[in-house]
Peer 1: 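Have a look at this one before I ask anything.
Just so you know, residue 1 is the first one in the sequence shown, and it goes up from there.
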Amino acid sequence: TTVEVNAVMFGRTINPLSFVYSCALSILFALLVNWMMEICHKFRLVSETLYLSVNLMDRYLSVCACPRDELQLLAVTALFVAAKFEEVSPPVLDDFAYISADRYTTQQIIDFERDLLRAVEWRLTAPCPLLFLRRYSKAAGCDAALHTVGKYLLERALLSSTMLRYPPSLQAAAAVYLAHVLLNRCEPQWTAPLQYHSAYAESEVVPCALELCALLGDNDPKLRFVYQKYGGNRRGTVAYICATEHADAAQRISALRLA
């Protein structure tokens with residue numbers, strides 16, 4: 001079935017009635033992810049840990065009901081599992097209990113870890129958008145600025161439950177495409193090498209790029225961590241550039257689409 005194929009290819013199942021696809025509750029998903037980004041930054045965890053933890057949380061919510069008072073426990077446990085899988089020296093269990101302000105005990109995290117692993121059928125290897133981005137950036141000959149914009153766009157996409165319907169490879173392709181437009185780089189934005197390495201035609205990339213571009217106009221003050229992270233000089237103030245250029249970028253993409 002389509003659901004089974006998606007589960008194998010993208011490491012997740014799609015349930016239209018799941019938590020993340022409820023418009024009324026999607027903001028809670030975004031708040032959780034924003035908090036997880038802060039924790040990853042605080043503990044200096046690799047980016048792959050963040051992506052895997054969000055993937056695990058999404059897959060769990062796609063097949064299991066989770067009470068609101070256990071959502072943070074789910075996020076903490078997903079981070080705990082992802083860190084053990086991705087990190088060379090992951091934080092210890094007590095650290096994860098501490099970041100929840102001691103709301104959850106270490107035993108609660110261990111018990112939920114068992115439930116989480118059963119829900120995802122012990123499949124911890126999932127496609128990571130960042131790995132696709134690295135490959136596509138190399139194929140496109142991207143410099144540091146373009147690659148950094150691509151990384152910002154992918155982390156921004158994590159905050160939107162609607163972006164979950166796009167495969168990680170397509171999200172990365174759209175990030176490369178949009179990064180070229182935002183920084184007014186070469187035309188065409190989608191070259192033959194990019195199409196070859198991604199296996200996506202430009203017509204397949206553009207809709208995802210437009211939706212990703214629209215996210216840049218959302219300035220919810222509760223979801224500002226990724227903006228602050230990429231808004232500093234260390235990362236070339238790319239968040240500020242994207243915020244000021246996204247409207248013009250959307251128009252240019254639409255014009256290219258109609259041409």
Side-chain angles (χ1 to χ4, degrees), residues 20 23 26-38 40-41 47 50-51 54 58 128-130 132-134 136-137 140 142-190 194 198 200 202-258:
V20 296
C23 293
S26 62
I27 185 60
L28 293 180
F29 181 82
L31 290 171
L32 277 176
V33 174
N34 185 76
W35 179 77
M36 293 163 76
M37 288 177 172
E38 294 185 41
C40 287
H41 182 75
S47 298
L50 172 64
Y51 284 100
V54 174
D58 166 48
C128 178
L130 184 60
F132 287 105
L133 177 68
R134 290 169 181 162
Y136 301 161
S137 293
C142 293
D143 57 20
L146 278 169
H147 186 68
T148 303
V149 171
K151 289 172 63 177
Y152 169 65
L153 294 173
L154 288 182
E155 289 192 31
R156 184 64 187 79
L158 286 176
L159 297 171
S160 172
S161 60
T162 61
M163 292 297 295
L164 292 170
R165 70 178 187 273
Y166 294 111
S169 57
L170 182 53
Q171 288 187 36
V176 172
Y177 182 92
L178 182 56
H180 278 83
V181 179
L182 287 166
L183 296 184
N184 293 304
R185 295 299 176 88
C186 64
E187 293 185 13
Q189 282 77 23
W190 201 244
L194 277 171
S198 69
Y200 289 114
E202 184 174 4
S203 59
E204 297 174 283
V205 175
V206 166
C208 183
L210 283 172
E211 187 163 341
L212 189 55
C213 188
L215 296 178
L216 299 176
D218 185 1
N219 296 314
D220 190 330
K222 296 179 181 178
L223 305 174
R224 297 283 288 178
F225 178 77
V226 68
Y227 181 89
Q228 294 168 356
K229 176 182 175 181
Y230 284 90
N233 292 328
R234 181 181 175 185
R235 293 180 172 85
T237 64
V238 298
Y240 175 77
I241 295 172
C242 291
T244 55
E245 296 291 334
H246 78 277
D248 288 340
Q251 292 180 357
R252 290 198 297 272
I253 293 174
S254 298
L256 290 170
R257 195 177 186 182
L258 296 174

Peer 1: Find out whether F225 and L159 are in side-chain contact, i.e. whether some heavy atom of one side chain is under 4.5 Å from a heavy atom of the other.
Peer 2: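 A side-chain contact under 4.5 Å is absent here.
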Peer 1: Starting at SG of C142, measure out to CG of L194 and round the result to the nearest 0.5 Å.
Peer 2: 7.0 Å
Peer 1: Where do I253 and L178 land on the side-chain contact (heavy atoms from CB on, under 4.5 Å) test, with the steps shown first?
Peer 2: CA-CA 8 Å; I253 293 174; L178 182 56; 3.7 Å; yes
Peer 1: Keeping the roles fixed (side chain from N233, backbone from G236), state whether a donor-acceptor pair exists under 3.5 Å.
Peer 2: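 No: the side chain of N233 does not pair with the backbone of G236.
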Peer 1: About how many Å separate CG of L146 and NE2 of H180, when rounded to the nearest 0.5 Å?
Peer 2: 5.0 Å
Peer 1: Given L182, which partner from the list D248, V238, T244, L153 fulfils the side-chain contact (heavy atoms from CB on, under 4.5 Å) test?
Peer 2: L153
Peer 1: If you round to the nearest 0.5 Å, how far is CD of E204 from CH2 of W190?
Peer 2: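 Rounded to the nearest 0.5 Å, the CH2-CD separation comes to 9.5 Å.
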Peer 1: Could R165 and E211 be called an ion pair, given the rule that one side-chain N must be under 4.0 Å from one carboxylate O?
Peer 2: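 So R165 pairs with E211 through a salt bridge.
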Peer 1: Once you round to the nearest 0.5 Å, how far does CG of N34 lie from CG of L158?
Peer 2: 11.0 Å
Peer 1: Answer yes if the side chains of Y51 and E155 hold a donor-acceptor pair under 3.5 Å, and no otherwise.
Peer 2: no
Peer 1: How far apart are the closest heavy atoms of G231 and T237, and which atoms are they?
Peer 2: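 Distance-wise, the nearest heavy atoms are O-CG2, 3.3 Å.
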Peer 1: For the residue pair G150 and L133, what are the closest heavy atoms and their distance?
Peer 2: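 Result for this residue pair: C-CD2, 3.6 Å.
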Peer 1: Between K151 and L130, which heavy-atom pair has the shortest distance, and what is it?
Peer 2: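 Between these two residues, the closest heavy atoms are CG-CD1, 3.9 Å.
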Peer 1: Rounded to the nearest 0.5 Å, what separation is found between the NZ atom of K229 and the SG atom of C40?
Peer 2: 8.0 Å
Peer 1: Shortest non-hydrogen contact from R156 to L216?
Peer 2: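 Smallest heavy-atom distance, with atoms named: CG-CD2, 4.3 Å.
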Peer 1: Can you check whether E202 reaches Y177 side chain to side chain, under 4.5 Å on heavy atoms?
Peer 2: yes
Peer 1: Does any part of the side chain of L50, heavy atoms only, come nearer than 4.5 Å to the side chain of S47, both counted from C-beta?
Peer 2: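 Side chain of S47 against side chain of L50, heavy atoms only: no contact under 4.5 Å found.
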Peer 1: Indicate yes or no: at least one non-hydrogen side-chain atom of V176 is less than 4.5 angstrom from one of F132.
Peer 2: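 No. Closest side-chain heavy atoms not under 4.5 Å.
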Peer 1: I want to check something: taking the side chain as every heavy atom from C-beta on, are Y230 and C242 in contact at a cut-off of under 4.5 Å?
Peer 2: no
Peer 1: Identify the two heavy atoms, one from A179 and one from V149, that lie closest to each other, and give their separation to 0.1 Å.
Peer 2: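 Shortest heavy-atom separation between A179 and V149 comes out as CB-CG1, 3.7 Å.
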Peer 1: In the structure I gave you, are the side-chain heavy atoms of Y240 and Y227 within less than 4.5 Å of one another anywhere?
Peer 2: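 Yes, their side chains come closer than 4.5 Å.
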Peer 1: Between N184 and R252, is there a side-chain donor-acceptor contact under 3.5 Å, judged purely by atom types and distance?
Peer 2: yes
Peer 1: Please examine the side chains of E245 and L183, heavy atoms only from C-beta on, and report whether any two atoms are closer than 4.5 Å.
Peer 2: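 They are not in contact (no side-chain heavy atoms under 4.5 Å apart), so the answer is no.
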Peer 1: Can you name the nearest heavy-atom pair linking Y200 to V205, along with the distance?
Peer 2: CB-CG2, 3.8 Å
Peer 1: Counting C-beta onward and ignoring hydrogens, is there a side-chain heavy-atom pair between L212 and M163 closer than 4.5 Å?
Peer 2: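 With C-beta onward as the side chain, the pair touches.
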Peer 1: As an exercise, state the distance from CZ of R224 to CE of M37, rounded to the nearest 0.5 Å.
Peer 2: 13.5 Å
